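Here's the structure we're looking at; comments come further down.
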Amino acid sequence: MKKRILIIGACGQIGTELTNFLREKHGSHKVIASDIREGDDELMESGPFEVLDAMDYDAVQDVVINYEITDVYLMAAMLSATAEKFPMKAWNLNMDSLFNILNLAKEGKVNKVFWPSSIAVFGATTPKQDTPQRTVMEPSTVYGISKQTGERWCEYYNKRFGVDVRSIRYPGIVSYKTLPGGGTTDYAIDIFHKALKHQNYICFLNAETTLPMMYMEDAIRATVGIMEADEADIKIRSSYNLAAMSFNPEEISESIKKHIPNFEISYQPDFRQDIADSWPSSINDSAARDDWGWQHRYALDEMTEEMLENLKGEYA
Ligand code: VAH
């Protein structure tokens, strides 16, 4: 069957780059981008776009049927920091959008679904180092609770209805094509903008806050990789741990100083420190590497070099 892809949340940090990648791979006309509002000119001019409320089942069904969609990447969500400000709005968006797509797949209108989970499903009682695939999971954020619940429903729809839904627990993702959103890990994006613009950065996490992180190129490759894997290789239908590196604000600032020697960082932790303190410092992703061949490519210094190289023109 011919592949027709719908990306929901195509204007977001990952959705933007996933849309570009899939359009280059499959052809623009086969990749329908959608979001609650129109995107930038580059996205709007690069292929079909639909303004779509992911919470509106009938509207999502219309797009799926009209474009004969086979695969859906559901990237719409409210991230951790913003979700703490609007708990019920975050819960409703993160859950209603997932049920809409799972039910369309259950009804045979969609063949395959990608749904992103997050290391936010882990909590303060989870082992912090080399966090296992299966372990204690007591998330203390709205975002983490919605992602943990979503994982349970993905596994249920796969086992009960045979829905081919695939998921990975993203670490913090670092990229340069979109500005930082409402994520707790987004300090690791903002720091590059501030380093180039002001040669200093006031970080909302403390220096020693080590978190699992990943460069966007790795995240896109993992996302498409799990969706293209043979169905028999996907042995975990809740969500796979995924890792590349771990670093803290002090370590990323040292990496930046190799290129901007006079860069200075200072620390003013805010409410996001409590969120970060509830998350692991490093992740064991051996299941993803064993089951569907995951391999990361970017470490901290390689990421820093690419981020600064691609952002420096904006601040020249
Ligand atoms: C956030 N970037 O900070 C997201 C991510 C692991 C964190 O899910 O909310």
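Both ligands and their constituent atoms are indexed starting at 1 by order of listing. Predicted, not measured: the structure shown is a model, and the values here were computed from it.
Close approach to Leu79 involves these atoms of ligand 1, each under 4.0 Å from a residue heavy atom: 9 (O). Close approach of ligand 1 to Trp279 is summarised as follows: ligand atoms under 4.0 Å from at least one heavy atom of the residue are 3 (O), 6 (C), 7 (C). Close approach of ligand 1 to Tyr143 is summarised as follows: ligand atoms under 4.0 Å from at least one heavy atom of the residue are 8 (O), 9 (O).
Annotation: cation-pi geometry not satisfied between Arg166 and Phe114 (NZ/CZ under 6.0 angstrom from ring centroid, within 45° of ring axis). In this structure, Lys106 satisfies the cation-pi test against Phe161, with its NZ or CZ atom closer than 6.0 Å to the six-membered ring centre and inside 45 degrees of the ring normal.
Under a 4.0 Å heavy-atom criterion, Ile119 is in contact with ligand 1.
Checking only distances, Ser80 does come within under 3.5 Å of ligand 1, N or O to N or O.
The side chain to side chain contact (heavy atoms under 4.5 Å, CB included) check on Glu302 picks up Tyr298, Ala299, with sequence neighbours excluded.
In this model, no donor atom of one side chain and acceptor atom of the other lie less than 3.5 Å apart for Asp96 and Tyr57. Side chains of Thr210 and Ser281: no donor on one and acceptor on the other come within 3.5 Å.
The aromatic rings of Tyr156 and Trp153 lie perpendicular to each other, with more than 60° between the two planes, well past the 30° mark.
In terms of protein heavy-atom proximity, atom 3 (O) of ligand 1 is closest to Thr184 N, 2.7 Å. The protein non-hydrogen atom at the shortest distance from atom 5 (C) of ligand 1 is Ser118 OG, 3.9 Å. Counting only heavy atoms of the protein, atom 2 (N) of ligand 1 lies nearest to Thr185 OG1, 3.0 Å.
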